[in-house]
Amino acid sequence: MKILVCITHVPDTTSRISFTDGDTKFDTTGVQFIIGPYDDYALARAVELKEQQGGSITVLNVGGAETEPTIRKALAIGADEAIRVNAEPGDSFFVAEQIANVAKDGGYDLILMGRESIDFNGGMVHGIVGEILGLPSISPVMTLDIEGDTAKMAREIEGGKEYLEVKLPLVAGCQEPIAEWKIPNMRGIMSARTKPLKVVEPSGDATNTKLQKFERPPAKGDVKMIDAENVGELVGLLKNEAKVL
Amino acid sequence: MSILVFVESSEGQVKKTSIEAVAYAAAMGGDVTAIALGNNIENSELEGLGKYGASKVLHADDERLNQGVIQAYAAVIAKAMEDTGAEVLVLANSSLGNPVSARVSVKVDASLVSNVTDLPDTSGGFKVKRSIYTGKAFAVVELTKNKKILAIKKNAAEVKETGGSAAVEKYKVTISDNDFGAKITNTDKATGEVLLPEAEIVVSGGRGLKGPENWGMVEELAKELGAATGCSKPVSDMGWRPHHEHVGQTGVKVSPQLYIAIGISGAIQHLAGVNSSKYIVVINKDPEAPFFKAADYGIVGDAFEIVPKLTEALRAAK
Ligand SMILES: Cc1cc2nc3c(=O)[nH]c(=O)nc-3n(C[C@H](O)[C@H](O)[C@H](O)COP(=O)(O)OP(=O)(O)OC[C@H]3O[C@@H](n4cnc5c(N)ncnc54)[C@H](O)[C@@H]3O)c2cc1C
């Protein structure tokens, strides 16, 4: 089985989010970058599927040279080779088109990625890739098993889940509990250094949106503390001050 | 401007989030047509969309669309955009709407933005504000294509009842077997519950509640408030609560009027899922719990004493 796992290179979930250049650029000062947590789930499941069924895992990232440590981490976790499309990830459409162009002739049975990136939270790339390639796209996928040429999946819906069966190949946007995040071991880290990482130039430059500026949410007011012996006061505040009851 | 709104239903009723999408489209100004798929929606529900500003509702009442098959839905909606000459498609962010709209955007060559939080600014281009970094910031983006698709976040528009009843028209669809490559074999869904992503009040419990057997008091409080129940990630990881209740960075993002957090420490990844709540109440025995910094109201104390008292006080205040 040939699996393509698309990963994002995003600020750690604990990062302080701030902007520079008149609120037009993300401020990377002191920020640690990680594999997108949802992509990390996709990768973990790919590693498990490879263990079960054999095959190979290619990781793909659309990004500048600065994303290579993140790509190496994915190789350390268990991918066999990597491709970096050397371009700024302009918007969902741009990234999806790059992925589709790489995947088009790759003969992949599964194209996995996170349900969304945690920077722009678009949640759209899997669908765009699927439509461009004419393949089914399923997201958000909570479980994924392969039986012969069929993928059996559970997809989260509001208030529950639905179970699906789809013939390979397909595109899936993954989320927990599809697998547990894998922590690279020493051997993985050593071997990642020599695994192939191919850099390719982008094909096309189409985007369909343009970023104008960033904004920070308004600061939160102070918390009002209520005595544990006087819970009724909270009810009063919710009714008369917050007016939410 | 001609606007098409994709409307979802649950148990025969139009979803609240889809009503917001209709209200959003109406507030944009222009001619609003809604489209609903499947024959499992009450006709009166569709007519009722007129109240929120839809002049017409297309009903693709093909039984094969009773289940939300992503590819088939995308095919029908893209065709409807063409047939109605819609320049803009509006829909609510949802587990079905987002993957569907992604495919539609390719079919109709549209600019696509999700998590939209405000009405568009059309003074010079077409710009919208969207939530990014899981609610920790916003971005203003311009949609550069002629056609536009907006997946809106909860509370992006105020729901006002203005109009009357909408004319419901049957909408004939041509869908190929190819669009049904994904077979939905079963669904497993809570019925009659307030859905977490739509809830106006959420009562959420964390690891501080010690075990699944202690959720009775959480459910009782939720019931008293007409609220949905949520939980932190470890709680769903340990199987104390179902996964679809997990709130946060890697779970459901909620935007209720009121979020009540019980025995949740307030890790940044949890806060990422609740930071667009209007008011936050935190109940925690540790006065240093980080959640208090993000709260509007806080009570320091033992949840096992406070929660039943709170339910009691709410009952008494009725
Ligand atoms: C990449 C990543 C993504 C993540 N995504 C999410 C996410 O989406 N959602 C999420 O929730 N977490 C997420 N996490 C985990 C997060 O970091 C925290 O570990 C988690 O939120 C903690 O859950 P908790 O508050 O229930 O438990 P704890 O941190 O253990 O807190 C329990 C709290 O209960 C209080 N308590 C104990 N007993 C009582 C009592 N009797 N009465 C009142 N209070 C009591 C304690 O004082 C404590 O504050 C993520 C982590 C990572 C690394």
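We name chains A, B, ... by the order of the sequence lines, and we start the count at 1 in each one. Hydrogens, waters and symmetry mates play no part in the numbers below; they use all other heavy atoms, side chains included.
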Measuring only between side-chain heavy atoms, which start at C-beta, is [X] closer than 4.5 Å to [Y]?
X: A:Tyr38; Y: B:Thr250; result: yes
X: B:Val281; Y: A:Ile226; result: no
X: B:Ile299; Y: A:Met225; result: no
X: B:Gln67; Y: A:Glu162; result: no
X: A:Gln175; Y: B:His243; result: yes
X: B:Asp237; Y: A:Glu176; result: yes
X: B:Ile70; Y: A:Arg155; result: yes
X: B:Thr187; Y: A:Tyr163; result: no

Separation of A:Phe120 CZ from B:Thr134 OG1 (nearest 0.5 Å): 11.5 Å
Residues of residues 16-31 of chain A under 4.5 Å from chain B (heavy atom pairs)? A:Ile17, A:Phe19, A:Phe26
Give me the contact list for residues 234-245 of chain A versus chain B, heavy atoms only, anything under 4.5 Å, ordered by residue number. A:Leu234, A:Val235, A:Leu237, A:Leu238, A:Lys239, A:Glu241, A:Ala242, A:Val244, A:Leu245
For [X], is it the side chain, the backbone, both, or neither that has a heavy atom closer than 4.5 Å to a heavy atom of chain A?
X: B:Pro197; result: side chain
X: B:Ala272; result: neither
X: B:Gln71; result: side chain
X: B:Ser10; result: neither
X: B:Val282; result: neither
X: B:Asn178; result: neither
X: B:Leu271; result: neither
X: B:Ile184; result: both

Please classify the contact between [X] and chain B as side chain, backbone, both or neither, with a heavy-atom cut-off of under 4.5 Å.
X: A:Met142; answer: side chain
X: A:Pro37; answer: side chain
X: A:Glu116; answer: side chain
X: A:Ser92; answer: neither
X: A:Ser117; answer: neither

What closest approach, in Å, do B:Ala295 and A:Val223 show between heavy atoms, and which atom pair accounts for it? O-CB, 3.3 Å
Nearest heavy-atom neighbours spanning B:Tyr133 and A:Asn121: N-OD1, 3.1 Å
Those residues that, when tested against A:Gln212, pass side chain to side chain contact (heavy atoms under 4.5 Å, CB included) (two or more places apart): A:Lys210, B:Lys127, B:Val140, B:Glu142
Would you call B:Lys189 and A:Glu158 a salt bridge, taking side-chain N to carboxylate O under 4.0 Å as the test? no
Within the distance-only criterion (no hydrogens, no angle test), does the side chain of B:Ser111 pair as donor or acceptor with the backbone N or O of A:Asn208 below 3.5 angstrom? yes
Side-chain (A:Arg216) to main-chain (B:Phe138) donor-acceptor, under 3.5 angstrom: no
Tell me, with the steps shown, if A:Glu156 and B:His244 meet side-chain hydrogen bond (donor to acceptor under 3.5 Å, both in side chains). CA-CA 7 Å; A:Glu156 184 151 272; B:His244 64 259; 5.4 Å; no
Apply side-chain hydrogen bond (donor to acceptor under 3.5 Å, both in side chains) to A:Thr13 and B:Gln269, showing your working. CA-CA 6 Å; A:Thr13 50; B:Gln269 297 93 353; 2.8 Å; yes
Does the side chain to side chain contact (heavy atoms under 4.5 Å, CB included) test come out yes or no for B:Val113 and A:Met124, once each step is laid out? CA-CA 9 Å; B:Val113 179; A:Met124 295 295 177; over 6 Å; no
For residues 97-104 of chain B, which side-chain N or O atoms pair as donor and acceptor with protein atoms under 3.5 Å away, sequence neighbours left out?
residue: B:Asn98; atom: OD1; partner: B:Ser94; partner atom: N; Å: 3.0
residue: B:Asn98; atom: ND2; partner: B:Asn93; partner atom: OD1; Å: 3.3
residue: B:Ser101; atom: OG; partner: B:Gly97; partner atom: O; Å: 3.1
residue: B:Ser101; atom: OG; partner: B:Asn98; partner atom: O; Å: 3.0
residue: B:Arg103; atom: NE; partner: A:Glu131; partner atom: OE1; Å: 2.8
residue: B:Arg103; atom: NH1; partner: A:Leu135; partner atom: O; Å: 2.7
residue: B:Arg103; atom: NH1; partner: A:Ser137; partner atom: OG; Å: 2.8
residue: B:Arg103; atom: NH2; partner: A:Gly130; partner atom: O; Å: 3.3
residue: B:Arg103; atom: NH2; partner: A:Glu131; partner atom: OE1; Å: 3.3
residue: B:Arg103; atom: NH2; partner: A:Leu135; partner atom: O; Å: 2.9

